[in-house]
J.: 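My questions all concern the structure below.
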Amino acid sequence: MKNRQQDHVVTLIWAETNNVRSNFRRVFLRIMTIFIFFFCLLYVLYSIICLNPSFKLTQRPLDTFMRFDQENTIQKNLNIIPPEKTQLHHIVFGIGSSNATWNYRKEYVKLWWNPNKMRGFVWLDKNMSSTSNYDNVTTTTSLPKIMISSDTSRFRYTNKNGDRSGIRISRVLSETVRADSENVRWYVMGDDDTFFVPENLVRVLRKYDHKQFYYIGSVSETHWQNHEFSYNMAYGGGGFAISYPLAKAIEKMQDKCIQRYPYLYGSDDRMQACMAELGVPLTKEVGFHQFDLYGNVMGLLSAHPVAPLISLHHLDKIQPIFPNVTRVKALKRLKKPITLDSAGLMQQSICYDRPRKWTISVSWGYSVQINRGILPAREIEKPITTFNDWYGTNDENSLTFNTRPYHGNGCQRPYFYLLSNAYTSTTNDTTTSVYAHDGAPGGKCKWRMADPSRIRHVNVYKKPDPNLWDKSPRRNCCRVLPTNKNDTLLIDSPTPTPSLSLWFLSDMERRSDYTYCHVQQKTYNAS
């Protein structure tokens, strides 16, 4: 009996021991499994964080933000003043001229030159004779300083169709850099028959980093000019801007560069050849106007691109921009709108007079045109061919932009109204510009709609927006206002806003929806 009890006890002890060992194995296996799992997890995280470069890239914005925040904190603590925006005194002008043309073309320069705010030089080929009032020219305070270009006889010139003066004019940049390089951000080149709008020039140059290489200008309006020279070349008559570091680089290598191109025609292509050697492309700004055109440019200026007007050129080749006055007096008429709202000068706005079925286009500060019928904006924004190309082909395909014809049909021919006066209201900041009919005969028309010939004056009310070009480019807005005067058309031209109202037209035009900027209607009495 005792032996059986002892055996039973031994069996229980052995079973208990086996249970303990089994439990220990299970616990050990679980611990090892958890350990291996965490080890693998750590390895995966290590691989993602330390070995994967794409993960590092995703961290850079956070690092950049932290550094930016630290820099801002340091600037606030040290009261660091942010860099000054580009101003007129940061720009140096180099104007190419000659003693044969300067005596009468200086009147163009007087219109836009401000001696108290501007820096620059006029470069002549030689001293002017005493009969040309040279003493008066050099001492007047309304013009840039006269400089004489250095001798260029050592440079070869082999182009049979050109003039070697192109070498001298191309070196105006280098000589201007040597003459004035203190606190300069931009060098702007132009001709003595170039009319600049300096305020808009500054607005455009502020968009670019003057510490980088920039070559800014525009091409010719005539296709074959660009085909002959280059679509990558800025035309000097329309003016072009070169950043300070690029100008210094050109100054160091220009003479050697010129020697390699004796066969080129003029100054602009020599400048572009040197730019190509440096690898600098043309940055195009369509507000520079070469005006390789003949005739009346009213059609082009009445549908200016959505860009600030910077310059006009070939003033001796085109007709006066306002009829029945001299070219100088015509340009002088622009001074009022430039003073009131230079940013909005010649900016187009399009609106509709639904009851009379008219399409109206305003080129602020220059002209208004009234067209019979409801015309889509994509047609009205095209310039009317009141001009001819540089080669006189009368071929619309020779131009570098889309145009619409100047119709002989009296119904399709627009009525033009040109600026006669502009002033600011004494009660608010709104400008009033007055446009008078240009006097051209309208022609007979049998269309059953109101006759625009009864309108003799157009008044446009507009509030200036000096920050217009700090926003994305957009055509201005306008709306016809009611009036009790039968011979006057009143137009409100507000600053464009993101919200637009759709104007659904009559059954005849419902295939297309036209938009205009919604403004509260006001009734004005024409004065």
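As a basis for the values below, the full set of heavy atoms in this structure was taken, side chains included, without hydrogen atoms, waters or symmetry mates.
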J.: Please answer whether the main-chain N or O of Lys462 pairs with a side-chain N or O of Thr431 as donor and acceptor at a distance below 3.5 Å.
T.: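 Confirmed, Thr431 side chain pairs with Lys462 backbone.
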
J.: If I take atom CG from residue Leu418 and atom CZ from residue Arg333, how far apart are they, to the nearest 0.5 angstrom?
T.: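 With rounding to 0.5 Å, CG (Leu418) is 7.5 Å from CZ (Arg333).
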
J.: What are the two closest non-hydrogen atoms of Ser98 and Asp192, and how far apart are they?
T.: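 Minimum heavy-atom separation between Ser98 and Asp192: N-OD2, 4.3 Å.
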
J.: At their closest point, which heavy atom of Ile258 faces which heavy atom of Ser170, and how far apart are they?
T.: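 Of all heavy-atom pairs spanning Ile258 and Ser170, the closest is CD1-OG, 3.6 Å.
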
J.: Tyr208: which residues meet the ring-ring contact (aromatic ring centres under 6.0 Å, His included) condition with it, sequence neighbours left out?
T.: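 Result, ring-ring contact (aromatic ring centres under 6.0 Å, His included) vs Tyr208: Tyr214.
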
J.: Could you check Ser361 against Gln348 for side-chain hydrogen bond (donor to acceptor under 3.5 Å, both in side chains), going step by step and ending with a plain yes or no?
T.: CA-CA 7 Å; Ser361 172; Gln348 187 184 29; 2.9 Å; yes

J.: Mind checking whether Trp112 and Phe93 have parallel, tilted or perpendicular rings, split at 30° and 60°?
T.: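 The rings of Trp112 and Phe93 sit tilted, inter-plane angle from 30° to 60°.
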
J.: Using a cut-off of 6.0 Å, state whether more than 12 heavy atoms not belonging to Asn486 lie near its atom CG.
T.: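 No.
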
J.: Is the side chain of Asn114 donor-acceptor paired with the backbone N or O of Asn116 at a distance under 3.5 Å, no angle test?
T.: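 Yes, because the side chain of Asn114 sits within donor-acceptor range (under 3.5 Å) of the backbone of Asn116.
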
J.: Yes or no on side-chain contact (heavy atoms from CB on, under 4.5 Å) for Trp113 and Leu111, after CA distance, side-chain angles and deciding distance?
T.: CA-CA 6 Å; Trp113 184 259; Leu111 294 174; over 6 Å; no

J.: Kindly say whether Gly239 contributes a backbone atom to a donor-acceptor pair with the side chain of Ser311 at under 3.5 angstrom?
T.: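 No: the side chain of Ser311 does not pair with the backbone of Gly239.
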
J.: Before accepting this row, confirm whether a basic side-chain N of the pair Asp487/Arg454 lies closer than 4.0 Å to the acidic partner's carboxylate O.
T.: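 Salt bridge flag = no for Arg454 with Asp487.
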
J.: Testing Phe322, Phe416, Tyr417, Tyr435 one by one against Tyr366 for a ring pair (Phe, Tyr, Trp, His ring centres under 6.0 Å), which residue passes?
T.: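 In the set Phe322, Phe416, Tyr417, Tyr435, the residue that makes a ring pair (Phe, Tyr, Trp, His ring centres under 6.0 Å) with Tyr366 is Phe322.
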
J.: Is atom CZ of Phe121 surrounded by more than 12 heavy atoms (other residues, nucleotides or ligands) closer than 6.0 Å?
T.: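 Enclosed: over 12 neighbouring heavy atoms sit under 6.0 Å from CZ of Phe121.
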
J.: Under 3.5 Å, is there a donor-acceptor pair between the side chain of Thr400 and the main chain of Glu221?
T.: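 Here the side-chain-to-backbone pair exists.
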
J.: Restricting to non-hydrogen atoms, name the atom on Gly365 and the atom on Leu334 that form the minimum distance, rounded to 0.1 Å.
T.: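 Looking at all heavy atoms of both residues, the shortest contact is O-CD2, 3.8 Å.
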
J.: Applying side-chain hydrogen bond (donor to acceptor under 3.5 Å, both in side chains) to Ser174 and Gln254, what does each step give before you reach the verdict?
T.: CA-CA 7 Å; Ser174 295; Gln254 189 175 28; 2.3 Å; yes

J.: Knowing that exactly one of His313, His223, His314 qualifies, which makes a ring pair (Phe, Tyr, Trp, His ring centres under 6.0 Å) with Trp390?
T.: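 It is His314; the other options fail the test.
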
J.: Taking the side chain as every heavy atom from C-beta outward, state whether Tyr187 and Val177 have any pair of such atoms under 4.5 Å apart.
T.: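 Side chain of Tyr187 against side chain of Val177, heavy atoms only: contact under 4.5 Å found.
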
J.: Measuring from Ile310:CD1 to Arg203:CZ, what's the distance to the nearest 0.5 Å?
T.: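 It comes to 11.0 Å.
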
J.: The criterion is ring-ring contact (aromatic ring centres under 6.0 Å, His included); which residues satisfy it with Tyr108, sequence neighbours excluded?
T.: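 For Tyr108, no residue satisfies ring-ring contact (aromatic ring centres under 6.0 Å, His included) once neighbours in sequence are set aside.
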
J.: Check step by step if side-chain contact (heavy atoms from CB on, under 4.5 Å) holds for Asp125 and Arg168.
T.: CA-CA 8 Å; Asp125 51 346; Arg168 180 182 71 85; 3.5 Å; yes

J.: Taking it one step at a time, do Asn226 and Tyr235 satisfy side-chain hydrogen bond (donor to acceptor under 3.5 Å, both in side chains)?
T.: CA-CA 10 Å; Asn226 298 316; Tyr235 280 70; 3.3 Å; yes

J.: Would you say CG of Asn467 has more than 12 non-hydrogen atoms from neighbouring residues, nucleotides or ligands within 6.0 angstrom?
T.: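 Yes, enclosed.
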
J.: Carefully, step by step, assess Glu199 and Leu345 under the rule side-chain contact (heavy atoms from CB on, under 4.5 Å).
T.: CA-CA 11 Å; Glu199 296 85 353; Leu345 180 65; over 6 Å; no

J.: Less than 2.5 angstrom apart at the SG atoms, yes or no, for Cys351 and Cys478?
T.: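 Judged by the SG atoms alone, which are under 2.5 Å apart, Cys478 and Cys351 are bridged.
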
J.: If you apply the rule side-chain hydrogen bond (donor to acceptor under 3.5 Å, both in side chains), what do you find for Trp224 with Thr393, and how did you get there?
T.: CA-CA 11 Å; Trp224 287 109; Thr393 64; over 6 Å; no

J.: Please list every donor-acceptor pair under 3.5 Å in which a side-chain atom of residues 294-303 meets a protein atom from a residue at least two apart or in another chain.
T.:
unit_1: Asn296; atom_1: OD1; unit_2: Met298; atom_2: N; d: 3.0
unit_1: Ser302; atom_1: OG; unit_2: Met298; atom_2: O; d: 2.8
unit_1: Ser302; atom_1: OG; unit_2: Ser367; atom_2: OG; d: 2.7

J.: Partners of Glu84 by side chain to side chain contact (heavy atoms under 4.5 Å, CB included), sequence neighbours excluded?
T.: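 By the side chain to side chain contact (heavy atoms under 4.5 Å, CB included) rule, Glu84 matches Gln87, His89, His90, Arg185.
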
J.: Taking the basic N atoms (NZ, or NE/NH1/NH2) and the acidic carboxylate oxygens, is any pair closer than 4.0 Å for Lys382 and Glu379?
T.: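 Yes, charged N to carboxylate O under 4.0 Å.
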
J.: Would you compute the distance between atom CG of Asn388 and atom CG of Asn394 and round it to the nearest 0.5 angstrom?
T.: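 Separation between the atoms: 4.0 Å.
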
J.: Hey, could you give me the OG1/CG distance between Thr339 and Asp341, rounded to the nearest 0.5 Å?
T.: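 Between atom OG1 of Thr339 and atom CG of Asp341 there are 10.5 Å.
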
J.: Check ring-ring contact (aromatic ring centres under 6.0 Å, His included) between Phe291 and all other residues, then give those that pass, not counting sequence neighbours.
T.: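 Testing Phe291 for ring-ring contact (aromatic ring centres under 6.0 Å, His included), a comparison that skips the adjacent residues, returns His289.
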
J.: Please check this pair: side chain of Gln225 against backbone of Ser220, looking for a donor-acceptor N/O pair closer than 3.5 Å.
T.: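 Not a single qualifying donor-acceptor pair exists.
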
J.: Output the distance between atom NE2 (His210) and atom OH (Tyr244), rounded to the nearest 0.5 Å.
T.: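 Going from the NE2 atom of His210 to the OH atom of Tyr244 covers 10.5 Å.
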
J.: Just by distance, do the side chain of Thr194 and the backbone of Gly190 share a donor-acceptor pair under 3.5 Å?
T.: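 No: the side chain of Thr194 does not pair with the backbone of Gly190.
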
J.: Rounded to the nearest 0.5 Å, how far does OG of Ser493 lie from CD1 of Ile350?
T.: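 If I round to the nearest 0.5 Å, the distance is 11.5 Å.
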
J.: For Leu468 and Ala343, which heavy atoms make the closest approach, and how far apart are they?
T.: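 Minimum heavy-atom separation between Leu468 and Ala343: CD2-O, 3.8 Å.
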
J.: Please name the pair of heavy atoms, one in Asn200 and one in Ser342, separated by the smallest distance, quoted to 0.1 Å.
T.: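 Of all heavy-atom pairs spanning Asn200 and Ser342, the closest is ND2-O, 3.0 Å.
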
J.: What pairs with Val202 under side chain to side chain contact (heavy atoms under 4.5 Å, CB included), at least two apart in sequence or on another chain?
T.: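 Partners of Val202 by the side chain to side chain contact (heavy atoms under 4.5 Å, CB included) criterion, ordered by chain and then number, come out as Leu88, Ile91, Arg206.
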
J.: For Arg372 and Thr359, indicate whether the former's side chain and the latter's backbone hold a donor-acceptor pair under 3.5 Å.
T.: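 It does not hold such a pair.
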
J.: Look only at the side chain of Arg164 and the backbone of Thr152, and say whether a donor-acceptor pair between them is shorter than 3.5 Å.
T.: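 Checking the backbone N and O of Thr152 against the side chain of Arg164, a donor-acceptor pair under 3.5 Å is found.
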
J.: Do the side chains of Lys317 and Asp292 get close enough for a salt bridge, i.e. N-O under 4.0 angstrom?
T.: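 Looking at Asp292 together with Lys317, the answer is no, because their closest N to O distance does not fall below 4.0 Å.
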
J.: Using the side-chain hydrogen bond (donor to acceptor under 3.5 Å, both in side chains) definition, which of the options Lys106, Glu107, Arg105 pairs with Asn103?
T.: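 Between Asn103 and the candidates, side-chain hydrogen bond (donor to acceptor under 3.5 Å, both in side chains) is satisfied uniquely by Lys106.
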
J.: Has Gln412 got a side-chain atom pairing as donor or acceptor with Tyr406's backbone, closer than 3.5 angstrom?
T.: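 Not a single qualifying donor-acceptor pair exists.
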
J.: Less than 4.5 Å apart, side chain to side chain, heavy atoms only: is that true for Leu282 and Tyr231?
T.: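 Contact flag for Leu282/Tyr231 side chains = no.
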
J.: Where is the tightest heavy-atom contact between Tyr265 and Gly162, given as atom of each residue plus distance?
T.: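 Closest heavy-atom pair between Tyr265 and Gly162: CE1-CA, 3.5 Å.
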
J.: Are any side-chain N or O atoms of Arg475 and backbone N or O atoms of Ser349, one a donor and one an acceptor, separated by less than 3.5 Å?
T.: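 Checked: no pair found.
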
J.: Using the side-chain contact (heavy atoms from CB on, under 4.5 Å) rule, take Asn127 and Asn99 through it: C-alpha gap first, then chi angles, then the decisive distance, then the call.
T.: CA-CA 7 Å; Asn127 287 327; Asn99 70 334; over 6 Å; no

